[in-house]
Amino acid sequence: MHIPIWDLDESKILTRRELAAVLAVVPRSANARRNRAVVRLASCCGLRVSEIAALRMDDVVIGATRPHLRLRRETTKGKRPRTVPLWWDAGTLADLTAWKGERTEQGAGEHDPFVCSVQAHRRGDALQRAAIRRRFISACKVLGPERLQTLTIHHGRHTFISHALAGGRTLPEVRAAAGHSNVAVTSAYLHIVVDDQEPVGSLFS
């Protein structure tokens, strides 16, 4: 099976330096903390915008030996359930744990949306996909207007797959986490350069 890879270039991912810059911004408001959760779900977990929109509180499994996200069959593109590890990156686990805790304090139940409106009159309401896309771009404003013009939330998914492979996760592991139907799709990301010569830590190591 031939998998075209010509559109998988470096401009379609957030480099280590870019992702570090986005995550270095201290989220002082509920809006910023929600946006940070969106970035983590897209760029550090590989969720599609439709999967983020459908994610429920009980899909974020924190208190387990290996914390993970549970993607239900009815929420995924290929109608195949999958598990996305949260133990691959401590920062991702910490941010999503903190956001789940905040949602719980707000009174969210297990079937309530994980990502939601934080406006006083709509707090807890599910967000439409377009709104989630805007939240991702808003969180990335630190990268500047020129870079923002090239970004979409799907760049987050490309970022997750590329960084996970570069960080030493195996093709089968990343294929399972991303929900690819064929390992050849995952292997197309192997040529992507994620390090832009800036030492910023050990993401996904």
| said: Would you compute the distance between atom CD1 of Ile52 and atom CG of Leu127 and round it to the nearest 0.5 angstrom? | reply: 10.5 Å
| Does the pair His180 and Ile161 meet the rule for a side chain to side chain contact (heavy atoms under 4.5 Å, CB included), with working shown? | CA-CA 10 Å; His180 287 153; Ile161 298 167; 3.5 Å; yes
| remark: Interatomic distance, NE2@His68 vs CG@Leu96, rounded to 0.5 Å, equals 13.0 Å
| said: Using a 3.5 Å distance criterion without hydrogens, assess whether the side chain of Lys100 forms a donor-acceptor pair with backbone atoms of Met57. | reply: yes
| message | Minimum heavy-atom separation for Gly107 and Asp112, please, with both atom names. | response | O-OD2, 4.3 Å
| query | Quick one: salt bridge (Lys or Arg N to Asp or Glu O under 4.0 Å) partners of Arg175, sequence neighbours excluded? | reply | none
| task | Using the six-membered ring wherever Trp is involved, compare the ring planes of Trp88 and Phe160 and label them parallel, tilted or perpendicular (cut-offs 30° and 60°). | result | parallel
| Identified side chain to side chain contact (heavy atoms under 4.5 Å, CB included) partner of Val115 from the options Leu55, Val38, Asn35 | Val38
| Sequence neighbours excluded, every pair satisfying salt bridge (charged side-chain N to carboxylate O under 4.0 Å, His left out) that has a member inside residues 60-73 | Asp58-Arg70, Asp59-Arg70, Asp59-Arg72, Arg72-Glu74
| Atom pair CG/SG of Leu23 and Cys44 - distance to nearest 0.5 Å | 6.0 Å
| request: Tell me, please, which residues at least two apart from Asp95 pass side-chain hydrogen bond (donor to acceptor under 3.5 Å, both in side chains). | output: Arg36, Arg40
| Residue pairs passing the side-chain hydrogen bond (donor to acceptor under 3.5 Å, both in side chains) test where at least one lies in residues 123-140, sequence neighbours excluded | none
| said: Using 0.5 Å steps for rounding, measure from the CZ atom of Arg34 to the OG atom of Ser29. | reply: 8.5 Å
| query | Can you pull the side-chain hydrogen bond (donor to acceptor under 3.5 Å, both in side chains) pairs that have at least one residue in residues 145-154, sequence neighbours excluded? | reply | Glu18-Arg147, Arg147-Thr150, Thr152-His155
| task | Check side-chain hydrogen bond (donor to acceptor under 3.5 Å, both in side chains) between Gln106 and all other residues, then give those that pass, not counting sequence neighbours. | result | Arg103
| remark: Smallest heavy-atom separation, Pro113 atom then Gly124 atom, equals CG-O, 3.4 Å
| field | Close side-chain approach of Thr92 to Cys45, heavy-atom, < 4.5 Å | value | yes
| Is Leu41 close to Val84 at the side-chain level, that is, under 4.5 Å between some pair of heavy atoms? | no
| field | Heavy-atom donor-acceptor pair, Arg157 side chain to Gly46 backbone, under 3.5 Å | value | yes
| message | For Arg122 versus Ala126, what's the shortest heavy-atom pair and its separation? | response | NH2-O, 3.8 Å
| request: Decide yes or no for Arg80 and Ser181: does some side-chain heavy atom of the first lie under 4.5 Å from some side-chain heavy atom of the second? | output: yes
| Between atom CG of Leu151 and atom OG1 of Thr159, what is the distance when rounded to the nearest 0.5 Å? | 8.0 Å
| field | Taking every non-hydrogen atom, the tightest pair across Trp99 and Ala30 | value | CZ3-O, 3.9 Å
| task | Determine whether Val22 and Leu148 fall in the same hydrophobic cluster, where Ile, Leu, Val, Met, Phe, Trp and Tyr are linked whenever their side-chain heavy atoms lie under 4.5 Å apart. | result | yes
| said: Taking Glu102 first and then Arg33, would you say they form a salt bridge - that is, a charged N and a carboxylate O separated by under 4.0 Å? | reply: yes
| request: Quick one: closest heavy-atom pair of His163 and Ile13, and the distance? | output: NE2-CD1, 4.5 Å
| query | Do Phe136 and Ser43 come within less than 4.5 Å of each other through their side chains, counting heavy atoms only? | reply | yes
| Do Ile62 and Leu86 come close enough that some side-chain heavy atom pair is under 4.5 Å? | yes
| request: Give a yes or no answer on whether the side chain of Arg82 reaches the backbone of Leu71 with a donor-acceptor pair at less than 3.5 Å. | output: no
